[in-house]
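Indexing begins at 1, ligand by ligand and atom by atom, following the structure's order.
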Amino acid sequence: MAFETIIVDIEDSVALITLNRPDALNALNSKLLGELGEAVRDASRNDKVRCIVITGSDKAFAAGADIGEMSERSFVDMFSNDYMGEQVRNLLACRKPIIAAVAGYALGGGCELAMMCDFIIAADTAKFGQPEINLGVVAGIGGSQRLTRFVGKSKSMDMHLTGRFMDAEEAERSGLVSRVVPAKKLKEEALACAAKIAEKSQIATMAVKEAVNRSYETTLSEGILFERRLFHALFATEDQKEGMAAFLEKREAQFRDK
Ligand code: HXC
């Protein structure tokens with residue numbers, strides 16, 4: 001499938017999706033988010049793909065939703081069409097792990113897109129922010145909710161109210177990103193991480209996603225019960241037998257997603 005605003009490379013078991021609107025610092029217009037959703041849906045359905053990496057350019061992961069596209073729209077237009085609601089649904093529905101590999105600006109919708117992924121690997125050049133306040137609006141695809149859960153109320157309020165940017169070091173310290181790597185190594189590190197995940201049992205990686213994501217949606221005791229039931233359920237899989245036998249026999253496990 002040929003896309004105009006993204007590039008998709010599938011190598012071995014990893015799909016690398018590169019946002020590609022360099023003239024606009026990968027600003028997220030409807031076309032780009034629509035294509036991204038389609039690419040993620042395609043990767044979800046492609047049995048060869050076991051992990052997905054979403055990245056941008058050296059200068060920008062994405063500098064936010066496309067201000068030019070939005071500026072003249074009316075409330076009725078935004079509300080009736082549920083602006084950007086549908087486009088992100090494919091991404092959120094994906095059961096395979098998605099890593100955001102972020103260099104440069106991840107602002108507004110760009111920061112929100114990174115947070116929709118399962119985790120973020122940042123280059124040391126990364127800058128995160130929710131600067132919608134400077135445009136007279138608020139975050140629109142999850143920023144006020146996800147950033148608050150990731151970094152806590154005080155820092156989230158600070159980011160949303162002042163519109164300031166957070167550098168990679170602060171983002172790692174605050175729990176927004178899982179690791180920071182030198183910019184030159186970002187793609188290599190993200191792909192290596194994705195390849196490592198791709199070696200696991202896909203049933204187990206899907207269960208991990210469900211369990212961790214459930215922690216944002218439910219109480220502690222319900223979440224722990226959900227996790228325990230998933231843990232029990234995985235004993236019905238061949239991959240559990242293989243994984244434990246391989247450990248005991250001191251060899252590499254050969255998972256078959258069964
Ligand atoms: C449209 C954008 C853009 C954006 C950058 N560009 N960000 N176009 N929407 N969000 C365009 C610029 O207009 C410019 O085009 C080109 O990209 C390069 O940008 P410059 O500003 O010249 O680069 P620089 O001086 O290096 O500054 C980089 C920057 C700045 C700090 C990232 O571009 C910036 O502040 N951008 C806006 C960030 C922002 O407010 N994001 C939140 C958007 S609202 P030309 O043609 O002039 O060369 C949002 C809500 C989400 O995300 C809700 C989801 C529905």
For Asp12 and Arg50, what are the C-alpha separation, side-chain angles and deciding distance, and is it a salt bridge (charged side-chain N to carboxylate O under 4.0 Å, His left out)? CA-CA 9 Å; Asp12 299 326; Arg50 303 170 69 80; over 6 Å; no
Does atom CZ of Phe79 have more than 12 heavy-atom neighbours from other groups under 6.0 Å away? no
Please tabulate protein-ligand N/O pairs under 3.5 Å for ligand 1, atom names and distances to 0.1 Å.
| unit_1 | atom_1 | unit_2 | atom_2 | d |
| --- | --- | --- | --- | --- |
| ligand 1 | 9 (N) | Ile67 | N | 3.0 |
| ligand 1 | 10 (N) | Ala63 | O | 3.0 |
| ligand 1 | 10 (N) | Ala65 | O | 3.0 |
| ligand 1 | 17 (O) | Asp23 | O | 3.4 |
| ligand 1 | 26 (O) | Lys59 | NZ | 2.8 |
| ligand 1 | 41 (N) | Ala63 | O | 2.9 |
| ligand 1 | 52 (O) | Ala65 | N | 2.7 |
| ligand 1 | 52 (O) | Gly109 | N | 2.8 |

Is the closest basic N to carboxylate O distance between Arg256 and Asp239 below 4.0 Å? no
Does Arg21 form a side-chain contact (heavy atoms from CB on, under 4.5 Å) with Glu4? I'd like the steps, not just the answer. CA-CA 9 Å; Arg21 293 189 71 213; Glu4 283 174 35; over 6 Å; no
Between Arg95 and Glu210, is there a side-chain N and carboxylate O pair less than 4.0 Å apart? yes
Answer yes or no: is there an ion pair linking Lys48 with Glu11, defined by an N-O contact shorter than 4.0 Å? no
